[in-house]
Amino acid sequence: MKTDGVSTADSFHRAKPWRFLFRSPGKDVAQFILLIVVGGWLISLSTARLGYYWQWYRLPRYLFRIEAGRLVAGDLIKGLFFTLRISGVSLALALTIGLATALLRLSDSFMGRLLTRVYLEVIRNTPLLVQVYLLYFVIGPILGLGRFASAVMALSLFEGAYMSEIFRAGIVSLHKGQWEAAYSLGLSRFDTYRDVILPQAIRRILPPLTGEVISLIKNTSLVSLVSLSDLALQARVIAADTFLTFEVWFVTAAIYLALTIPLSIVVYGMEKRFKVLT
Amino acid sequence: MSEIHEDYIIEIENVSKTFTGGVEAVRGFSAKIRRQEVVVIMGPSGSGKSTLLRCINGLETAESGAIVVDGIRLDGDKRRRLEIRKEVGMVFQSFNLFPHLTVLENVNLAQRRVRKKNKASATERSLELLQMVGIADKANSYPAQLSGGQQQRVAIARALALAPKVMLFDEPTSALDPEMINEVLDVMKKLARSGMTMVVVTHEMGFAREVSDWVIFMDDGQIVETGAPESIFARPQEERTRRFLNQIL
C-alpha cells in the first residue's frame with residue numbers, strides 16, 4: 001500500500017465517493033438553503049400561532065419616499081445615517097483612546113500604568129448601558145456635554161478599553177529583537193513605535209480589531225436609550241406606531257448586517273494585502 | 001574612574017550587571033579598547049559575553065561601574081544614551097531586520113530619522129553600503145526573501161548606516177548555516193581592515209586568529225584571560241581557557 005498523502009486521499013475518495021460531497025461548495029449551499037427554509041418555517045409557525053398578519057407593503061415608505069418627484073430618505077434610512085455618524089466619530093475616538101491607553105500601560109510611568117489599569121477595570125466590569133446613563137445623566141451635565149457628545153464619550157471609552165487590550169497584545173507579541181535593533185540604531189522611543197513596532201503590530205491586530213469595530217457599530221443601538229434618533233430608536237418608534245413589529249425589526253437587523261458585513265470583507269482584503277512575509 | 005585617554009575609544013571600568021532574579025551576568029569587568037582595534041570575546045554560554053556587549057550601547061543598564069564610549073559617559077541620561085547609540089553599531093545573532101521594510105528601507109531608516117536625511121541622500125549611502133556587503137541587487141527585496149547570510153550582511157549594512165565609530169557583533173554567525181558563515185565573516189574582515197573598531201563575541205577561531213588584535217576569554221561574568229590570539233590559542237595560561245578551547249576545536 002502506498003503511504004504518500006495524495007494517493008491515499010485519492011483511494012479514499014474512490015472507496016467512498018459520497019464523502020466527496022462533504023468537501024464541495026455544493027454542500028455548503030445546500031446547508032444554507034436548508035437553514036433558510038427551516039428558519040422561515042419556524043418563523044411562519046410562530047407568527048401563525050401569534051396570529052401575526054404580515055404587511056410588508058407598508059414598510060418601503062420608512063426606507064424611501066417620493067416627495068415632489070424627489071427621492072427622500074425615510075426614517076429608517078435617516079436613522080442609519082445617524083448611526084453611521086455616531087459610529088464614525090466614536091470609532092476615531094475609541095482608536096485614539098485605545099492606542100494611548102496601550103502605550104501608557106507599556107510605559108515606564110507608574111502613574112500612567114496605574115491610571116490605565118483603573119480605567120480598564122472600571123470600564124470592562126460595568127455594563128455599557130450603565131455607562132451610557134451615567135455619562136448622560138451625571139457626568140454630561142457636570143462637564144456641559146450635550147446628548148450626542150456624552151453618547152460618543154460613553155461608546156468610545158467603552159470600546160477604547162477593549163481596543164487598548166488588543167493594541168497591547170499586538171505590541172507585546174513582537175519579538176524583543178525588533179526593539180533592540182531599533183534602539184541600537186539610535187532611534188527614539190517615538191520613532192521606534194512609529195516606524196518599527198506599530199506597522200507590524202497593526203497587521204497582527206486587524207482581525208480582533210475588526211471584531212471590536214463591529215461591536216461598536218452594534219453597540220451604538222444603546223444610544224437610543226438617551227433618545228438619540230439612531231437606527232434602533234427609529235425602528236422602535238416605527239414599530240410602536242404601525243405595529244409592523246416583525247417587518248421593522250427584520251429590516252433593521254438586515255441594515256446592521258449590511259453595514260458590518262462589507263466591513264469584514266474590506267478588512268479581509270486589507271489583511272491579505274498587508275501580509276508580512278516571515 | 002581613571003582619566004579619559006584620547007586613544008581609548010571604549011573604557012569599561014569595574015562593570016557589574018545582575019538580572020532581576022539574582023543572576024550575576026557580569027561581575028567587576030574592566031577593559032580598555034583602543035581606536036581601530038578588533039577585540040574578540042570568547043567564553044562558554046552564560047559567561048556574560050552578550051550582556052557585556054549589550055551594556056556598551058545601553059541595551060542593558062549596568063548597575064555599577066562606568067562605561068565611557070568615545071568620551072561620552074553612559075549613565076541614566078537618555079540623551080547621552082542616544083548619543084552613544086549613534087556612535088555604536090550593533091549586529092545581532094538573529095539579524096533582527098525589520099520584516100515589513102525592504103532591504104533598502106531597513107538601511108535608510110536610521111539615516112532618515114536620526115540624521116534627518118532626505119530620501120535621496122539616504123538611499124545613496126545605503127546603496128553604497130549594500131554594495132560593500134555585496135547585496136545591492138537585493139535592495140528592493142524583503143528580508144524574508146533573503147538567505148540567512150544575506151540577511152546578516154544587510155544587518156551589518158544597516159548598523160553601518162550612521163557611520164558609527166564602533167561596531168559590536170553578538171555571535172553574528174551562530175544562527176547561520178555553515179555554508180553562509182564565510183560570506184558574513186568576509187564582510188567583517190573587510191570592515192576590520194578598513195580600520196573599524198570592533199568588539200566581536202564569536203567562537204570563530206579562524207576569524208579571531210586572522211583579524212583580532214586581542215582576545216578576551218570570559219567565564220562566570222569575569223575575565224579569565226586576555227592576550228594576543230596566537231598566544232591565547234597556542235598556550236592558554238588558565239585551566240578554564242584550555243578546557244573551553246578543547247571543546248570548540
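Heavy atoms only: backbone and side chains are in, while hydrogens, waters and symmetry mates are out. Keep in mind that what you see is a predicted model, and the values were worked out from it rather than measured. Within every chain, numbering begins at 1; the chains are lettered A, B, ... in the order of the sequence lines, protein sequences first and strands thereafter.
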Item to complete: Mind ranking B:N57, B:L162, B:L168, B:V114 by heavy-atom pairs under 4.5 Å with chain A and telling me who comes out on top?
Response: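 Most heavy-atom pairs under 4.5 Å with chain A: B:V114.
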Item to complete: Check whether any side-chain heavy atom of B:F207 sits under 4.5 Å from a side-chain heavy atom of B:V200, and report yes or no.
Response: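 In short, these two side chains touch, coming nearer than 4.5 Å.
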[X] portion near chain A, given a 4.5 angstrom heavy-atom threshold:
| X | result |
| --- | --- |
| B:R54 | side chain |
| B:I84 | neither |
| B:F98 | both |

Item to complete: Ignoring hydrogens and angles, state whether a donor on the side chain of B:E24 or B:S16 is under 3.5 Å from an acceptor on the partner side chain.
Response: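 No, because no side-chain N or O of B:E24 sits under 3.5 Å from a partner of the opposite role on B:S16.
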Discussion item. We want to know whether B:T102 and B:N140 form a side-chain donor-acceptor pair, criterion being a heavy-atom distance below 3.5 angstrom.
Written reply: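 No pair is found: no donor N or O on one side chain lies under 3.5 Å from an acceptor on the other.
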Worksheet item: Would one find more than 12 heavy atoms of other residues, nucleotides or ligands at under 6.0 Å from atom CZ of A:F81?
Response: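 No, not enclosed.
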Worksheet item: Using a cut-off of under 4.5 Å for heavy-atom pairs, which of A:L187, A:D191, A:D195 has the most such pairs with chain B?
Response: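 Of the candidates given, the most pairs with chain B belong to A:D195.
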Worksheet item: Less than 6.0 Å separating the ring centroids of A:F148 and A:F82?
Response: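 Yes; A:F82 has its ring centre under 6.0 Å from that of A:F148.
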